[in-house]
*Asks:* 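Quick one: the structure is below, questions incoming.
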Amino acid sequence: MAGPRWAYEDLEVGSTIELGEKNVSAAEIIEFAAEFDPQPMHLDEEAGKASILGGLSASGWHSCAMFMRMMCDGFILDSTSQGSPGLEYVRWKKPVLAGDTLSGHCTVLAKRVSKTKPGLGFVTVRSTMTNQRGETVLELENTGMFLTREAASA
């Protein structure tokens, strides 16, 4: 049986992984906001239109959650991922509005093998999510931890 498609060795510096598309509905924006970020512009279309965001908009945290799902579906769930020690930065560049279609990609910036844990590597990526107009709505940089193929098969 073959192992995961993506292991440490497969994530080459300079390579880009396309993550596919995600359609954003008003209902999901409101549902997320009601539980986690109940500001008016995330809960009500009229409040969103009256704000500087211009319409019912997803919370920045919701944008991050949607992007994480895109990453999981795009490659992480078929990888040797061991999680992440955190983000270097996240920037919400433009509002994500109800009806937007989002797409994303991750570009590998750097990688190194762990000095203390054989078989584990750290991979730094810069990721971008855009809307259907090609506008960047989210940008982030983080490091993920991935097992080597040998360690994953042990």
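Every heavy atom of this structure was used, including side-chain atoms; hydrogens, water molecules and symmetry mates were not.
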*Asks:* Within this structure, what is the CG-OG1 distance for the pair L11 and T80, rounded to the nearest 0.5 Å?
*Replies:* 7.5 Å
*Asks:* Taking atom NZ of K94 as the centre, does the number of heavy atoms from other residues, nucleotides or ligands within less than 6.0 Å exceed 12?
*Replies:* no
*Asks:* Hey, is the main chain of Y8 close enough, under 3.5 Å, to the side chain of K111 for a donor-acceptor pair?
*Replies:* yes
*Asks:* Looking only at heavy atoms, which two atoms of E139 and Y89 are closest? And how far apart?
*Replies:* OE2-OH, 3.4 Å
*Asks:* For R126, which of L109, N142, L140 qualifies under side-chain contact (heavy atoms from CB on, under 4.5 Å)?
*Replies:*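 Going through L109, N142, L140 one by one, the side-chain contact (heavy atoms from CB on, under 4.5 Å) with R126 is satisfied by L109 alone.
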*Asks:* With a 3.5 Å distance limit and no angle check, can you tell me whether E18 reaches the backbone of T16 through a side-chain donor-acceptor pair?
*Replies:*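 Judged by distance alone, no pair lies under 3.5 Å.
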*Asks:* If you take all heavy atoms of M145 and P85, which pair is closest and at what distance?
*Replies:* CG-CD, 4.1 Å
*Asks:* Please round to the nearest 0.5 Å and tell me the distance separating atom CZ of F75 and atom CD1 of I17.
*Replies:*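 Between F75 CZ and I17 CD1, I get 4.5 Å after rounding to 0.5 Å.
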*Asks:* So with a 6.0 Å cut-off around CD of Q39, is the heavy-atom count from everything else above 12?
*Replies:* yes
*Asks:* Do you reckon V13 sits in the same ILVMFWY cluster as V123, going by side-chain contacts under 4.5 Å, direct or chained?
*Replies:*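 Yes, because V13 and V123 connect within a single hydrophobic cluster, where side-chain heavy atoms sit under 4.5 Å apart.
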*Asks:* If we only count heavy atoms from C-beta on, is the R149 to D10 side-chain gap below 4.5 Å?
*Replies:* yes
*Asks:* Is L120 reachable from W6 through a run of hydrophobic residues whose side-chain heavy atoms are each under 4.5 Å from the next?
*Replies:*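 No, separate clusters.
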*Asks:* Whether the side chain of H42 engages the backbone of S57 through a donor-acceptor N/O pair (distance < 3.5 Å, no angle test) should be reported.
*Replies:*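 Yes; judged by distance alone, with no hydrogens or angles, the pair exists.
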*Asks:* Rounded to the nearest 0.5 Å, what's the gap from OG on S59 to CZ on F36? Could you check?
*Replies:*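 Those atoms lie 10.0 Å apart.
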*Asks:* Do you know the tightest heavy-atom contact between M70 and G104?
*Replies:* CE-N, 3.4 Å
*Asks:* If you round to the nearest 0.5 Å, how far is CD of E45 from CD1 of I29?
*Replies:*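 The CD1 atom of I29 sits 8.5 Å away from the CD atom of E45.
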*Asks:* Any chance CD of E31 has more than 12 other-residue heavy atoms, nucleotides or ligands included, within less than 6.0 Å?
*Replies:* no
*Asks:* What heavy-atom pair brings M129 and S63 nearest, and what distance separates the two atoms?
*Replies:*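 For M129 versus S63, the nearest heavy atoms are CE-O, 3.6 Å.
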*Asks:* Answer whether the closest heavy-atom distance between the side chains of M66 and V24 falls below 4.5 Å.
*Replies:*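 Side-chain contact under 4.5 Å: yes.
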*Asks:* Could you tell me whether the side chain of S84 and the main chain of T143 form a donor-acceptor pair under 3.5 Å?
*Replies:*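 Side chain of S84 to backbone of T143: a pair is present.
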*Asks:* Using modelled atom types and a 3.5 Å cut-off, is there a donor and acceptor pairing between side-chain atoms of D100 and backbone atoms of L102?
*Replies:*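 Side chain of D100 to backbone of L102: no pair is present.
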*Asks:* Look up atom NZ in K117 and atom CD in Q82, then write down how far apart they are to the nearest 0.5 Å.
*Replies:*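 Between K117 NZ and Q82 CD, I get 11.0 Å after rounding to 0.5 Å.
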*Asks:* So, does E141 use its side chain to make a donor-acceptor pair with the main chain of E88 at under 3.5 Å?
*Replies:*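 Between the backbone of E88 and the side chain of E141 there is no qualifying donor-acceptor contact (under 3.5 Å).
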*Asks:* Between N131 and E135, what is the shortest heavy-atom contact and its length?
*Replies:* ND2-OE1, 2.7 Å
*Asks:* Is there a continuous path of hydrophobic side-chain contacts, each under 4.5 Å between heavy atoms, that joins L138 to L97?
*Replies:*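 L138 does not cluster with L97.
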*Asks:* To check you understand the geometry: which heavy-atom pair defines the closest contact between S79 and F146, and what is its length?
*Replies:*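 Smallest interatomic distance, heavy atoms only, reads OG-CE2, 3.6 Å.
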*Asks:* Let me check something: do M71 and V108 share a hydrophobic cluster, defined by ILVMFWY side-chain heavy atoms less than 4.5 Å apart, either directly or through other members?
*Replies:*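 Yes, same cluster.
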*Asks:* Any sub-3.5 Å donor-acceptor pair from E21's side-chain atoms to T101's backbone N or O?
*Replies:*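 No; judged by distance alone, with no hydrogens or angles, the pair does not exist.
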*Asks:* Using 0.5 Å steps for rounding, measure from the NE2 atom of H62 to the CH2 atom of W92.
*Replies:* 13.0 Å
